[in-house]
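Scroll down for the structure; my scribbles are underneath it.
The figures that follow rest on heavy atoms only: side chains count, while hydrogens, waters and symmetry mates do not. Just so it is clear: chains get the letters A, B, ... in the order the sequence lines come, proteins before strands, and each one is counted from 1.
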Amino acid sequence: MGMTRTALMQLGTSVLAGLERLGRAHLLLLATLCASDEVLRRPRLVLEQVFNIGTLSLVIVGVSGLFVGMVLGLQGYTVLAKFGAAESLGILVAASLVRELGPVVTALLVAGRAGSALTAEIGLMKATEQLAALEMMAVDPIRRILAPRLLGGLISMPLLAAIFSAVGVVGGYFVGVGLLGVDAGAYWGQMQARIDVQEDLVNGVIKSLVFGLVVTSVALFQGYEAVPTAEGVSRATTRAVVQSALLVLGLDFILTALMFGGD
Amino acid sequence: MFAEPPVNPDSGASSKESHAEPLVEIRDLCFRRGDQLIFADLNLDLPCGLVTAVMGPSGSGKTTLLKLITGQLKPDAGSIRVAGEEITRLDQQGLFRLRRRMGMLFQSSALLTDLSVFDNVAYPLREHTRLSPSLIRKLVLLKLEAVGLRGAWSLMPSELSGGMARRVALARAIALDPMMILYDEPFTGQDPISMGMLMALIRKLNDAARLTSILVSHDVQETLRIADWIYLIAEGRVLAQGTPAALTRDPSPWVRQFLDGLPDGPVHFHYPAPPLAKDLLGWG
Ligand SMILES: Nc1ncnc2c1ncn2[C@@H]1O[C@H](COP(=O)(O)OP(=O)(O)OP(=O)(O)O)[C@@H](O)[C@H]1O
Ligand SMILES: [Mg+2]
């Protein structure tokens, strides 16, 4: 009896603590978004962050895109060839990339590469009292440090996803047309005719924007709330990657259901 | 003028210089961290234009006091007035307005690690003034010259020694010519020459610019030499206060133990704990 009671109490405490954290995360996100007008006055701050996040992730996103596209070409061909529809390879590769793999895989890669770096950076700034020093200089770290990074992440994510998809389409072309002998005209022609701007491109970009918001804000929150020690920062970094990966996959399902589930 | 602090058993209060208005008035301040009571009814005045030192054992809450004065922490009870404004009731804008006129030297120096020495010192100037780049350059070099580090302007914080980083942080703290500077352990990690230079600088800044300085330090001799007024705090209260001359003559065991560095006496060197034997002999 007593044991169940303590177990229940512990459960309750941790649920409450989790909810409180969730609330704090949303408050921080709100405060950061409200502080984004700073960015209009200093667009350079955001450009710097786009550059940072972009350079951190460009190579890994490009290389992954190439391989994912090549695998898609190979797998797609074996399935399509069974039904004698190998010339539809282009549309299969492109639609998979633009709708799904581009936004999702890019988000996972950015979370691991740039998101973790953001968490570590903010966490260390907290641990070494740089955030407190900014506040003492009457500079709001949410405006000056967090807001530009959030916007930088928001802008970089669709760009990186576009690069991923483009490189992937080329990878699919190498394998499908170059190695397996699909007709090059069919590969590009089908793709051009059947990829819909609203249905595929816009939805892909919306997904990327949502993932960009999620990945960057989780990374920033984890850094900002990190226990200000070496161990605390390293834990926060791990947490940021795990949480944003799970959130991206979960949200991807919801978004896909909303966008493509109706018809 | 000065409200007489209630906890003031045997210090040289009679020789108190009463010509200065307090810039900071702390009344009945209570602050706790978890279960640990750090300040219990602390009363303290920091007179305008003087160097006031706060001394006390490690962990007695000196850094915490500076954070309370600058509004980085909120007290549980009591009032803190800075330049006539109640810090505890200011919103962020009000706090920022006040902090533009305060400089703080952090115990950990807290330089921005992605900026060079020059950019660190220029940061508050670029942030809060519209001065031309050439004027900013001149000001920054002058501030760096004052702390003896003009030659190091292009280094990154990771290339500085601890003592140098602290001096850069001091240059940054005085960049905007504040009305008040809070020094958290400025002498730690300084060689005798930079120590002497820092002491002279603190004094000079205070006298030439009519600054108010709050100095937190363990270095008894140095502090006795440059402070106008000294508070000894321990166990959350002011144990003694007075001019350096009065305190050096003070016979009370508290004051003697701290100033002469005696290991045992009325002030406890140890963080509160159960008796050692009990801790060592088991969990009972
Ligand atoms: N972030 C924190 N969380 C919990 N307790 C803290 C925190 N910071 C300080 N403390 C506690 O507050 C007390 C006072 O700390 P503070 O840093 O003000 O001491 P101090 O007088 O500046 O010491 P020192 O001379 O060593 O710098 C310490 O006993 C410490 O245990
Ligand atoms: Mg301290």
Got more than 12 heavy atoms from elsewhere within 6.0 Å of [atom1], [X]?
X: R239(A); atom1: CZ; value: yes
X: R235(A); atom1: CZ; value: no
X: R144(A); atom1: CZ; value: yes
X: K204(B); atom1: NZ; value: no

**OP:** For E127(B) and R143(A), run salt bridge (Lys or Arg N to Asp or Glu O under 4.0 Å): C-alpha distance rounded to whole Å, both residues' side-chain angles, the deciding distance at 0.1 Å, then the answer.
**Re:** CA-CA 12 Å; E127(B) 208 55 48; R143(A) 277 178 177 278; over 6 Å; no
[X] versus chain A, the contacting section by heavy-atom distance below 4.5 Å:
X: T113(B); result: both
X: Q92(B); result: side chain
X: R97(B); result: neither

**OP:** Work out which heavy atom in Q130(A) is nearest to a heavy atom in L112(B); give both atom names and the distance.
**Re:**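 That closest heavy-atom pairing would be OE1-CA, 3.2 Å.
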Subject >> Choice from A173(B), S108(B), A175(B) maximising heavy atom contacts with chain A below 4.5 Å >> reply: S108(B)
Original post:
Using a cut-off of under 4.5 Å for heavy-atom pairs, which of R99(B), R172(B), Q72(B) has the most such pairs with chain A?
Top reply: R99(B)
**OP:** Quick one: pull up OG1 in T128(A) and CG in L111(B) and give me the separation to the nearest 0.5 Å.
**Re:** 9.5 Å
Original post:
Which members of residues 131-142 of chain A, sorted by number, sit under 4.5 angstrom from chain B on a heavy-atom basis?
Top reply: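 So far as heavy atoms go, A132(A), A133(A), L134(A), E135(A), M136(A), M137(A), A138(A), V139(A), D140(A) are the residues that approach chain B to under 4.5 Å.
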